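The structure appears right after this line, and notes come after that.
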Amino acid sequence: NGNAANLFAMLSDRVQSMRVPSAVAEALESAEFTHLAEVEQRPKQAVARRIQSLLYPGHRYGKPTTRDDLKALNVDALNAWLEAVYRPNAARLVVVGDVDVAQVEQHVRTWFGGWERGEERTPHAVPPLPPGPGAEIGDRAGATQTELGLSCRLPDAVGRGRAGNQVLARLLQLRLE
C-alpha cells in the first residue's frame with residue numbers, strides 16, 4: 001500500500017508521544033466525579049464490588065477503582081504511569097492485509113526501532129480463593145430493590161479453552177440479565 005509509510009509514521013508519533021493533557025485533569029475534577037458518585041451508590045455496583053472482593057481477596061482485582069481513587073490522580077502521576085507501562089515490551093503491533101512483508105518490517109524498524117523498552121513488569125499473582133461459603137447475604141436497610149450477583153473465576157486458558165470461557169461468561173451474563 002502506498003500509504004503504509006504514512007500510516008506507520010502517524011501511529012509511531014501517536015504511540016511514542018502519548019501524554020495526558022491537562023484538560024483531562026480538569027475533566028476529572030468536574031461533573032465526572034458527580035456521575036461516578038451516583039454510579040457507586042447503585043445497588044448493582046455494590047454487588048459487583050463485593051463479588052470482586054470475594055473473588056480476589058487481598059488483591060488489586062478485588063478493589064475496584066473509585067471516585068476517590070480518581071480524585072487522587074494528577075496529570076504528572078498519569079504521565080509517569082504511561083511512561084512506565086506504555087512501552088514496546090508490553091505492546092503488540094498487528095498488521096493484516098495484502099502487504100509486502102519485507103516493506104512492512106522495514107517500516108516497523110524505521111518508525112518503531114527507537115521506541116525504548118521499559119522496565120520488565122512482573123504480573124501480580126492472583127491468590128487462591130479462600131475456603132468458605134460460596135454465598136454472602138448483606139442487609140441494606142431501606143433498599144427499594146434487591147440485587148443478586150453471581151460470578152466465578154475461570155481457570156487460565158488459551159485457544160479453545162479461552163474461547164469457551166468467553167462464551168460461558170457471555171451466556172451466563174445473558175441468562176442473568
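Bear in mind that the values here come from a model prediction, so they are computed numbers and not experimental data.
Atom CG of residue Asp76 and atom OG of residue Ser22 lie 10.5 Å apart, to the nearest 0.5 angstrom. A distance of 10.0 Å separates CG in Leu55 from CZ in Arg50, rounded to the nearest 0.5 Å.
Here Gln45 pairs with nothing under the side-chain hydrogen bond (donor to acceptor under 3.5 Å, both in side chains) rule; sequence neighbours left out. Here Leu93 pairs with Phe8, Leu11, Val95, Val108, Phe112 under the side-chain contact (heavy atoms from CB on, under 4.5 Å) rule; sequence neighbours left out. Applying the side-chain contact (heavy atoms from CB on, under 4.5 Å) rule to Pro88 yields the partners Trp115, Arg117; only residues at least two apart in sequence or on another chain are considered. For Glu83, the salt bridge (Lys or Arg N to Asp or Glu O under 4.0 Å) partners at least two apart in sequence or on another chain are Arg19, Arg87. In this view, Gln16 and Ser12 satisfy the side-chain hydrogen bond (donor to acceptor under 3.5 Å, both in side chains) rule, not counting sequence neighbours. Shown here are the side-chain hydrogen bond (donor to acceptor under 3.5 Å, both in side chains) partners of Arg170, two or more places apart in sequence or in another chain: Gln173.
Contact annotation: the side chain of Gln106 approaches that of Arg109 to within less than 4.5 Å [non-hydrogen atoms, C-beta and beyond].
In terms of heavy-atom proximity, Pro57 sits nearest to Leu54 at CD-O, 3.5 Å. Heavy-atom minimum distance, Val20 versus Val75: O-CG1, 3.4 Å.
Gln52 places no side-chain N or O within 3.5 Å of a backbone atom of Lys63 that could act as its donor or acceptor partner.
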